[in-house]
S.K.: 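Attaching a single structure in structure tokens format; questions to follow.
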Amino acid sequence: MGNKEKEAEEVDVKTVEAVQESLNYSHALEGTDDDNEISRKIQAGKNRSDRAGVSSHDHIFGTDGFETSERKEKADAPRKKRRKLSEEQDRRRRIPKEAYEKSAPEKRKGKYGGTDVINELYNDDEEDEMEKKDTRRKRRRRDRKQKKGGKVAAITLGGILAVLALAYLGIALYFNSHFLFFTKINGTDFSMKNVEQVEDYMKKQVSDYTLALEKSDGGHESIDGSDIAIEYVSGKQLKKLMEEQDNFLWIKSLWEHPTIEAEIGVKYDEKALAEVTANLACMKPENQTASVDAYPEFQEGQFAIKPEVVGTQIDTETFNAKVAEAINGFQPSLKLSEAGCYIKPRFMSDSPEVVAARDAMNSYLGANVTYDFNPYTEVVDASVISQWIHADAEMNVTFDEGAVRAYVQSLADKYDTKGKTRNFITATGNAVTIEGGSYGWRIDQEAEYSALIANIQNGETVTREVNYLSRGASHEERDVGSTYAEVDLTTQQMYFIQNGQVVLESGVVTGNPNKGNETPQGVYSLAWKATDQVLRGTKQPDGSYEYETPVKYWMPFNGGIGFHDATWQSSFGGDRYQTYGSHGCVNLPYDIAAQLYDLISSGVPVVCHY
């Protein structure tokens, strides 16, 4: 053996001896919380020694004095000993078993009858290693079982899927010759039936076939197959329908429920059918009502669309086609409304034309004009304007100007008084009827029509008077108001009423009726007044006038007829007017003429009556 090998062997032996000393320290610490793996293995060795006959009262490492000394050291420096013990344990783990076996036997021998403690420790390591290997073997066996179980589950699942696939394909092949689930042909359920079964059903039903006609009003009529000589004729239509269905996607029929409308092999007498339909009650004109288009209607302050009304007027061409289609399809019933057999309105509620018409009509409704006829008012608002707006049959919106003119005319009829016959209560309390005259209210209808149209087009809200050609004093029953002059042509009396009270009264001389100069009745207004005037009659051919009469107070009210002083009259009142009457004027005493001149002014009404 070489020197290096000897040196290595000596090092290993020294290391083993050091470990043996560490084990002695570990035993000295027995019973504390710092026991570790080496202590556990020493205890295991002791147990084995006991089994070999060594007394449990023998101390494995030395005398009691040594144990006491070591424990005292531990009490003085516990942390140092635990650290040293840990270091020695690490060194023990690094000692190869072969080096240990080469160490001197007296160094390897324990204190209990020759028990080799370190050897026991190595044996324990081997046992631990064997346990680990056994554990790994068990784990591998468990993993193999789990893999085997997964394979079995996969194989089972694959088998189930294969069975399901075969079943699906089998059903698909079945529907090569049968109609799918929930299949209805012309309203009859033929689920899972083949062509022959369907044709058998048709043949049994054709002899009792009746087409029920369901009308929109809830009424019913029918066409009997026997009346049109109907019979079943076998054909290829059913087979073609079956070929067209997608049997490989049969599962979709479970929720889609195929519905087929098709002509079935039937034949009938078409002339007989035409005769039968012509005699149906629904085809009689007297039993039909025309449809009504949807249209804008004024409701609650604005135009809204009134829904269409589908009438019962039959579209003959469509009706005949739908009846023939139903019979050819062997359908049990025909709903005339759903089949479109009625003549529908041209415009529905949602038709763009109707919607546009409604919006255009509403655009006129923004104006609000209040007419002031004190103490009365007239209002032109949406409810009035709506009557002047119309949509024609083509939904073209028009503003009825004629209706606006008619409205203005209605205002004139209601409030105009000029030229109209009046009921009047005289100053003496008598009720009289007065006709004619130039005084009173008269609306300028043309000007007012233009103004109202402008108000509406501009959407204005305004309170105003109408445009007048002439005005009165009041819109109440007495349009002359409470201040006016009154001439009683019968009693030949004149009154001036101011604020409802008679403030001046006098006899008068009016026009001479016997000479054709009677003073006309009527209600007038004072045109103007002046003093120191010359009243002249008709101009003669020679340039002179029929008469020329100077007066101090002149107050005309009806052309050349007016009030004036007449100093040439010797009396006033009574029947003097019939012989000494004027040319039509109202003659007054001088002082009365002067007072009247001071009381009256332009525009004051003058009432002349009998």
Side-chain angles (χ1 to χ4, degrees), residues 289-311 313 342-420 440-472 474-476 479:
T289 56
S291 294
V292 178
D293 291 341
Y295 63 94
E297 181 181 67
F298 189 74
Q299 301 173 1
E300 300 180 356
Q302 64 179 353
F303 283 99
I305 296 176
K306 185 172 183 179
E308 67 280 357
V309 177
V310 179
Q313 189 175 4
Y342 296 112
I343 297 177
K344 295 181 179 180
R346 291 189 306 154
F347 295 110
M348 303 297 180
S349 298
D350 57 354
S351 295
E353 297 87 346
V354 180
V355 175
R358 178 202 60 192
D359 294 344
M361 296 171 81
N362 281 329
S363 68
Y364 287 95
L365 303 182
N368 189 300
V369 180
T370 300
Y371 287 114
D372 182 8
F373 293 99
N374 184 34
Y376 311 110
T377 59
E378 300 289 338
V379 178
V380 176
D381 57 11
S383 63
V384 177
I385 299 172
S386 66
Q387 302 173 40
W388 307 336
I389 308 168
H390 306 284
D392 62 18
E394 302 300 325
M395 293 298 151
N396 297 313
V397 176
T398 56
F399 187 80
D400 190 349
E401 296 182 359
V404 180
R405 291 184 182 279
Y407 176 77
V408 175
Q409 178 65 56
S410 71
L411 294 179
D413 294 341
K414 184 175 182 179
Y415 292 101
D416 279 4
T417 59
K418 184 176 181 178
K420 291 184 176 181
W441 298 104
R442 177 168 290 178
I443 294 174
D444 186 341
Q445 295 188 37
E446 189 61 33
E448 184 52 41
Y449 164 79
S450 299
L452 181 54
I453 289 291
N455 292 149
I456 294 172
Q457 289 177 340
N458 296 329
E460 297 175 338
T461 297
V462 61
T463 298
R464 63 178 179 82
E465 287 188 327
V466 295
N467 289 275
Y468 290 108
L469 288 172
S470 64
R471 306 175 66 91
S474 172
H475 286 292
E476 296 184 280
D479 67 340

S.K.: In terms of heavy-atom contacts, does NZ of Lys344 have more than 12 from other residues, nucleotides or ligands at under 6.0 Å?
M.R.: no

S.K.: Go through it in stages, so that I can follow the logic: the residues are Arg464 and Asn455, the test is side-chain contact (heavy atoms from CB on, under 4.5 Å), and I'd like the CA-CA distance, side-chain angles, deciding distance and then a yes or no.
M.R.: CA-CA 11 Å; Arg464 63 178 179 82; Asn455 292 149; 3.0 Å; yes

S.K.: Please enumerate all residues that pass salt bridge (Lys or Arg N to Asp or Glu O under 4.0 Å) together with Lys414, with sequence neighbours excluded.
M.R.: Glu378

S.K.: For Asp479 and Trp441, what are the C-alpha separation, side-chain angles and deciding distance, and is it a side-chain contact (heavy atoms from CB on, under 4.5 Å)?
M.R.: CA-CA 8 Å; Asp479 67 340; Trp441 298 104; 4.2 Å; yes

S.K.: Restricting to non-hydrogen atoms, name the atom on Asp293 and the atom on Phe347 that form the minimum distance, rounded to 0.1 Å.
M.R.: OD1-N, 3.4 Å

S.K.: Under 3.5 Å, is there a donor-acceptor pair between the side chain of Arg442 and the main chain of Gly419?
M.R.: no

S.K.: Any sub-3.5 Å donor-acceptor pair from Asn396's side-chain atoms to Asp392's backbone N or O?
M.R.: no

S.K.: Closest heavy-atom contact between Lys420 and Ala412?
M.R.: NZ-O, 3.6 Å

S.K.: Could you check whether any side-chain heavy atom of Tyr415 comes within less than 4.5 Å of a side-chain heavy atom of Tyr371, counting everything from C-beta outward?
M.R.: no

S.K.: For Lys418, I'd like to know if atom NZ has over 12 heavy atoms of other residues, nucleotides or ligands within 6.0 Å.
M.R.: yes

S.K.: Taking ring pair (Phe, Tyr, Trp, His ring centres under 6.0 Å) as the definition, give me every residue that meets it alongside Tyr449, ordered by chain and number, with sequence neighbours left out.
M.R.: none

S.K.: Looking just at side-chain N and O atoms, do Ser349 and Glu308 make a donor-acceptor pair shorter than 3.5 Å?
M.R.: yes

S.K.: Minimum heavy-atom separation for Gly311 and Ser291, please, with both atom names.
M.R.: N-OG, 2.8 Å

S.K.: List the atom of Thr461, the atom of Gly366, and the distance in Å for their closest heavy-atom pair.
M.R.: OG1-O, 4.3 Å

S.K.: For Glu476, enumerate each residue passing the salt bridge (Lys or Arg N to Asp or Glu O under 4.0 Å) test, keeping only those at least two apart in sequence or located in another chain.
M.R.: none

S.K.: Give me the atom names and distance for the closest heavy-atom approach of Arg471 to Tyr468.
M.R.: NH1-CD1, 3.3 Å

S.K.: Taking the six-membered ring for Trp, are Phe399 and Tyr364 closer than 6.0 Å centroid to centroid?
M.R.: yes

S.K.: How many angstroms lie between atom NE2 of His390 and atom OG1 of Thr398, to the nearest 0.5 angstrom?
M.R.: 6.5 Å

S.K.: Would you mind writing out the side-chain donor-acceptor pairs for residues 352-362 within the sub-3.5 Å range, not counting sequence neighbours?
M.R.:
from   : atom 1 : to     : atom 2 : distance (Å)
Asn362 : OD1    : Phe303 : N      : 2.6
Asn362 : ND2    : Phe303 : O      : 3.2
Asn362 : ND2    : Arg358 : O      : 3.4

S.K.: Between Leu411, Leu452, Thr370, Asn368, which is the residue that forms a side chain to side chain contact (heavy atoms under 4.5 Å, CB included) with Val380?
M.R.: Leu452

S.K.: Taking the six-membered ring for Trp, are Phe373 and His475 ring centroids under 6.0 Å apart?
M.R.: yes

S.K.: Kindly state each residue pair satisfying side-chain hydrogen bond (donor to acceptor under 3.5 Å, both in side chains) with at least one member in residues 380-389, sequence neighbours excluded.
M.R.: Asp381-Ser383

S.K.: So, do Ile456 and Val369 sit near enough that their side-chain heavy atoms are less than 4.5 Å apart?
M.R.: no

S.K.: Among all residues two or more places apart in sequence or in another chain, which pass the salt bridge (Lys or Arg N to Asp or Glu O under 4.0 Å) test with Glu446?
M.R.: Arg405

S.K.: May I ask you to test the Pro296-Met395 pair for a side-chain heavy-atom distance under 4.5 Å?
M.R.: yes

S.K.: Checking Asp416 side chain against Ile443 main chain: does a donor-acceptor pair fall under 3.5 Å?
M.R.: yes

